[in-house]
Enquirer: 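Dumping the structure here so I can ask a few things about it.
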Amino acid sequence: MPLWVELAVRIVGVVVAFLALPLIVGQVEHKVMAHMQGRLGPMYAGGFHGWAQLVADGVKFVQKEDVTPRAADGPVFRLAPVVALVPYLLVLLVIPLGPDDLVAQPLDIGLFFVLAVVGIGVVAVLMSAWASANKYSLLGGLRGAAQLLGYELPLVLAAASVAMAAGTLSLPGIVEAWRPWWLLWQAPALFVFFVAGLAEIRRPPFDMPIADSELVFGYLTEYTGLRFAFFLLAEYVGIVVIAALTTVLFLGGWQGPFDDQLGWLWTLVKVFAVSFVIIWVRVSFPRLREDQLQRLCWLVLVPVALGQLVLTAAVRVAL
């Protein structure tokens, strides 16, 4: 197969995953929350089990008027939803789906690339907050910036623990080095990474930047129609990305029975299992106050991540 054809196939595959997986996660969230909270509405659209609820939501967003506030910074306001989406698309390029180079773009420093790109999310939050010319949006953006910058540290420290244990920054290399007993040895790092990942994508209970009871809808207050839908899509892509990174770094990625043939399936099963847990957390826990959110970061997650790094370094030296 010519190189350009192979590259085209890989890129198309990533774009399809980028568009399809978040929609599947969104549909699952509608149904899971409907069952857990006794919501009747999402179970009726389209008939059987409310299969058309996501379609109805899409039609609703398309029909809504696209409004830009008169005092807003127009170009920045319109660009912010794109900046929120693009980093996750780039991350999906380097996440391995299975063995034998089943990844769009293998990188020797894939983990470094992923952590650097995910951090761009704070830029989209600040862009939307400042450009909206709305005090509620600005307050939400400042909360979001403080949250994202704070939780970036434990996220990086937890990922560094796995990279140190595997001896590589390559995501396929980390999966190949992973062993089942890491589930116990790296469990604290798994906890830190998962919680910090939820905060990075601003999922409940870490949704202080869009606290509707205080800030209308935070940095998203002035967004309508498709632009708001793009931000919502970015949230669901973020769920897929955090679930995929958790799977690759801590759950063995494609490893499982018959992984030579079914490795891609094991990866997808683990990704959707972690995504289900993310939805479950949203339903089960109330929103954290700002002081609780920062205390959890600096007094719990950071010390645990640093302790895990020390443990990993000691084990590596001993071995």
Enquirer: Search all heavy atoms of S275 against all heavy atoms of A243 and return the closest pair with its distance.
Expert: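 That closest heavy-atom pairing would be OG-CB, 3.5 Å.
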
Enquirer: Determine whether L21 and L92 make a side-chain contact, defined as any pair of heavy atoms from C-beta on separated by less than 4.5 Å.
Expert: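 L21 does not reach L92 side chain to side chain.
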
Enquirer: Determine, using the 4.5 Å side-chain heavy-atom cutoff (strictly less than), whether W280 and V195 are members of one ILVMFWY cluster.
Expert: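 Yes; V195 is reachable from W280 via cluster members.
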
Enquirer: For the pair W264 (side chain) and W254 (backbone), establish whether a donor and an acceptor sit closer than 3.5 Å, ignoring hydrogens and angles.
Expert: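 Absent.
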
Enquirer: Among the clusters formed by ILVMFWY side chains lying less than 4.5 Å apart, do I210 and W130 turn up in the same one?
Expert: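 Per the 4.5 Å side-chain linkage, I210 and W130 are not co-clustered.
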
Enquirer: Assess the pair F193 and F250: is the distance between their ring centroids shorter than 6.0 Å?
Expert: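 When the ring centroids of F193 and F250 are compared, they turn out to be within the sub-6.0 Å range.
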
Enquirer: Which atom names give the shortest non-hydrogen contact between L126 and A145, and what distance separates them?
Expert: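 It is CD2-CB, 3.7 Å.
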
Enquirer: Between Q147 and F206, is there a donor-acceptor pair closer than 3.5 Å when you use the side chain of the first and the backbone of the second?
Expert: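 Present.
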
Enquirer: Do W266 and P257 come close enough that some side-chain heavy atom pair is under 4.5 Å?
Expert: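 Side-chain contact under 4.5 Å: yes.
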
Enquirer: Between L97 and L268, does a side-chain contact (heavy atoms from CB on, under 4.5 Å) hold up when you go through it step by step?
Expert: CA-CA 8 Å; L97 183 61; L268 291 177; 4.0 Å; yes

Enquirer: How close do V175 and G252 get, heavy atom to heavy atom, and via which atoms?
Expert: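 Where V175 meets G252 most closely, the heavy atoms are CG1-O, 3.3 Å.
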
Enquirer: Ignoring hydrogens and angles, tell me if any N or O in the side chain of E152 forms a donor-acceptor pair with the backbone of L149 under 3.5 Å.
Expert: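 Pair absent, no side-chain N/O of E152 close to backbone of L149.
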
Enquirer: Keeping the roles fixed (side chain from E290, backbone from M208), state whether a donor-acceptor pair exists under 3.5 Å.
Expert: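 No, E290 side chain to M208 backbone: no donor-acceptor pair under 3.5 Å.
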
Enquirer: Taking all atoms of both residues into account, what is the closest heavy-atom pair of L115 and A159, and its distance?
Expert: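 Closest pair (atom of L115, atom of A159, distance): CD1-CB, 4.0 Å.
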
Enquirer: So does D207 pair up with R203, basic N to acidic O under 4.0 Å?
Expert: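 Looking at D207 and R203, the cut-off is not met.
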
Enquirer: Should L85 and L148 be counted in the same cluster of Ile, Leu, Val, Met, Phe, Trp and Tyr side chains packed under 4.5 Å apart?
Expert: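 Same cluster.
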
Enquirer: Under 3.5 Å, is there a donor on one side chain and an acceptor on the other for R202 and Y219?
Expert: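 The criterion, which ignores hydrogens and geometry beyond distance, is satisfied for Y219 and R202.
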
Enquirer: Considering all heavy atoms of both residues, which atom of V83 and which atom of P87 are nearest to each other, and what is their separation?
Expert: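 Distance-wise, the nearest heavy atoms are O-CD, 2.8 Å.
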
Enquirer: Please determine, by modelled atom types, if S170 and E176 share a side-chain donor-acceptor pair under 3.5 angstrom.
Expert: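 Per modelled atom types, S170 and E176 side chains form no pair under 3.5 Å.
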
Enquirer: Is there a donor-acceptor pair under 3.5 Å between the side chain of T267 and the backbone N or O of G98?
Expert: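 No, T267 side chain to G98 backbone: no donor-acceptor pair under 3.5 Å.
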
Enquirer: Are F272 and I24 close enough that some pair of their side-chain heavy atoms sits under 4.5 Å apart?
Expert: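 A side-chain contact under 4.5 Å exists here.
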
Enquirer: Within the 4.5 Å heavy-atom criterion, are T247 and I95 side-chain neighbours or not?
Expert: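 When only atoms from C-beta onward are counted, I95 and T247 do not touch, as no gap falls below 4.5 Å.
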
Enquirer: Among side-chain atoms of E222 and Y136, is any donor-acceptor pair under 3.5 angstrom?
Expert: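 Result is no, nothing qualifies.
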
Enquirer: Hydrophobic cluster membership, with links at side-chain heavy-atom distances under 4.5 Å among I/L/V/M/F/W/Y: are L293 and V302 in one?
Expert: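 Different clusters.
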
Enquirer: Do L171 and V114 have side-chain heavy atoms sitting under 4.5 Å apart?
Expert: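 Yes, close enough: below the 4.5 Å cut-off.
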
Enquirer: Take the angle between the ring planes of W185 and W181 and call it parallel below 30°, perpendicular above 60°, tilted in between.
Expert: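 Taking W181 first and then W185, their aromatic rings lie parallel (interplane angle under 30°).
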
Enquirer: In Å and rounded to the nearest 0.5 Å, what is the CG to CG distance from L107 to L169?
Expert: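 One gets 11.0 Å once the value is rounded to the nearest 0.5 Å.
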
Enquirer: Is there a side-chain contact between W182 and L190 in this structure, where contact means two heavy atoms from C-beta onward sitting under 4.5 Å apart?
Expert: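 Answer no - side chains too far apart.
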
Enquirer: Counting N and O atoms only, with roles assigned by atom type, does the side chain of R282 sit under 3.5 Å from a partner on the main chain of P204, one being a donor and the other an acceptor?
Expert: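 Pair absent, no side-chain N/O of R282 close to backbone of P204.
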
Enquirer: Taking atom OG of S161 and atom CG of L311, what is their separation to the nearest 0.5 Å?
Expert: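 Taking OG in S161 and CG in L311, the distance rounds to 7.5 Å.
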
Enquirer: Over all heavy atoms of both residues, which pair between A165 and T312 is shortest? Give the atoms and the distance, please.
Expert: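 Minimum heavy-atom contact is N-CG2, 3.7 Å.
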
Enquirer: Would you say that more than 12 heavy atoms from the other residues, nucleotides or ligands in this model lie under 6.0 Å from the CZ of F112, or not?
Expert: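 Incorrect, the count does not exceed 12.
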
Enquirer: Are side-chain heavy atoms of E29 and Y236 found at a separation under 4.5 Å?
Expert: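 Touching, per the 4.5 Å side-chain cut-off.
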
Enquirer: Is there side-chain contact between F231 and Y223, with heavy atoms separated by less than 4.5 Å?
Expert: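 Yes; the side chains approach each other to less than 4.5 Å.
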
Enquirer: Is Q255 reaching over with its side chain to a backbone N or O of W178, donor-acceptor style, under 3.5 angstrom?
Expert: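 Yes; judged by distance alone, with no hydrogens or angles, the pair exists.
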
Enquirer: Please answer whether the main-chain N or O of V125 pairs with a side-chain N or O of S128 as donor and acceptor at a distance below 3.5 Å.
Expert: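 Yes, because the side chain of S128 sits within donor-acceptor range (under 3.5 Å) of the backbone of V125.
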
